[in-house]
Amino acid sequence: MTTDNLDKPRVGFLWETLYGWHDTGSGGDEPSDPARGLQPVNRHFSAPGPKRRLNEIIQVSDLRQHLTHLQATPATEEQILRAHTKRHYDYIVSQSELPKGGDCGDGGSPFGHNALQIAQLSAGGAITAVNSVLDGEVDRAYALINPPGHHAERDRSLGFCLFNNSSVAVADALERPEVSKVAIIDWDVHHGNGTQDIWWEDPRVLTVSIHQDRNFPVDSGFIEERGAGEGLGANFNIPLPPGAGNEVYLAAIKESVIPALEEFQPDLIVVATGYDAAMMDPLGRMMVTTEGYREMTDLMIGAAKRLCAGKLVFIQEGGYCQYYVPFCGLATMESLTERSAGFDDAYASIVDGQIRTEITAEQREHLDRAREAYFSEASTGLGEVAS
Ligand SMILES: [Zn+2]
């Protein structure tokens, strides 16, 4: 080992070949259907390509030799049932057993025969990554898993997700005596409705979602959704208008997410990272660039160091641009490893000229309204618990 390694963090990285075998059929969103004029495109939005390509750019980069390569084991039924109902688990099992596979439940999220095996391995990869950090095997970890999870609610799933991987991993972590509170920061461009639902009444998990206002699901992710019962005040939605880029996301994290983390004092921070808030994504209308993801990750590292001995785990959610996802993920990994990957953003010439450094009045209004709704004294929920 060179002395160069002594002051660098140990970073775990996890990808399994089977994640690239998750079969989402040949439709664009819904299955192809000649009666409706829906042609097969041979590549569903949620086909594994962008994530497989992210793994491959990491494997050919200068980062590979510095990573601790983690190996996933499938999540057990018992582990999955800590975040989901038996009814939902059995639904996925029965759909997975169909000869040609099934659907998550919304009609737009097909999966192949025996997809259960890959879904268990995806949730299991999230558990492995969390354990690697909690056990001290590594300082930080990145679970590049597939299929994604954050739209999967306790009793149903939608939006390309089968099981809520980060929630399964967090529920598993909460079984450990040294873990009593966990924060999940979700910056996928879509609302983390599933994560919100699973922890809605649970004060042990702070769930934060920064997302494009009314993108998906269109009927959730509003600032008024703050949890209930003992969990009131432990759910924080930051919906942003289309067009928000690095400056808006960084402001949301500095002004809202980090103060919420400081108030909550987690034992572990999980980032549910999607790259569909990136400028080139087909399913979002945001403008984050590789530099944005790098700086957002830097901020999470700083918060984890201050609040929970650096314990930080990134868990993959969405990201649908074949071109740009690998570079966004690579920038995130450069931040986590504190090393250079040896590649510049190959699309900088396309995206950098579009970067805006000012925050518009509409964006400022969204940022302020979300922050005020969460932090206002009347809405903290603490008084209601006390009475
Ligand atoms: Zn998404």
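All values below were derived from every heavy atom in this structure, side-chain atoms included, with hydrogens, water molecules and symmetry-related copies excluded. We're numbering straight along the sequence, starting at 1. Atoms within each ligand, like the ligands themselves, are counted from 1 in listed order.
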With Thr68, which residues qualify under side-chain contact (heavy atoms from CB on, under 4.5 Å), at least two apart? Leu70, Glu137, Val138
Quick one: how many protein N/O/S atoms are under 2.8 Å away from the Zn ion (ligand 1)? 4
Using only heavy-atom distances, determine whether the side chains of His190 and Asp188 contain a donor-acceptor pair under 3.5 Å. yes
Do His88 and Arg154 come close enough that some side-chain heavy atom pair is under 4.5 Å? no
Is it the case that over 12 heavy atoms from other parts of the model lie below 6.0 angstrom from the CD atom of Gln39? no
Qualifying residues under side-chain hydrogen bond (donor to acceptor under 3.5 Å, both in side chains), relative to Asp352, sequence neighbours excluded: none
Residues in side-chain hydrogen bond (donor to acceptor under 3.5 Å, both in side chains) contact with Glu291, at least two apart in sequence or another chain: Arg294
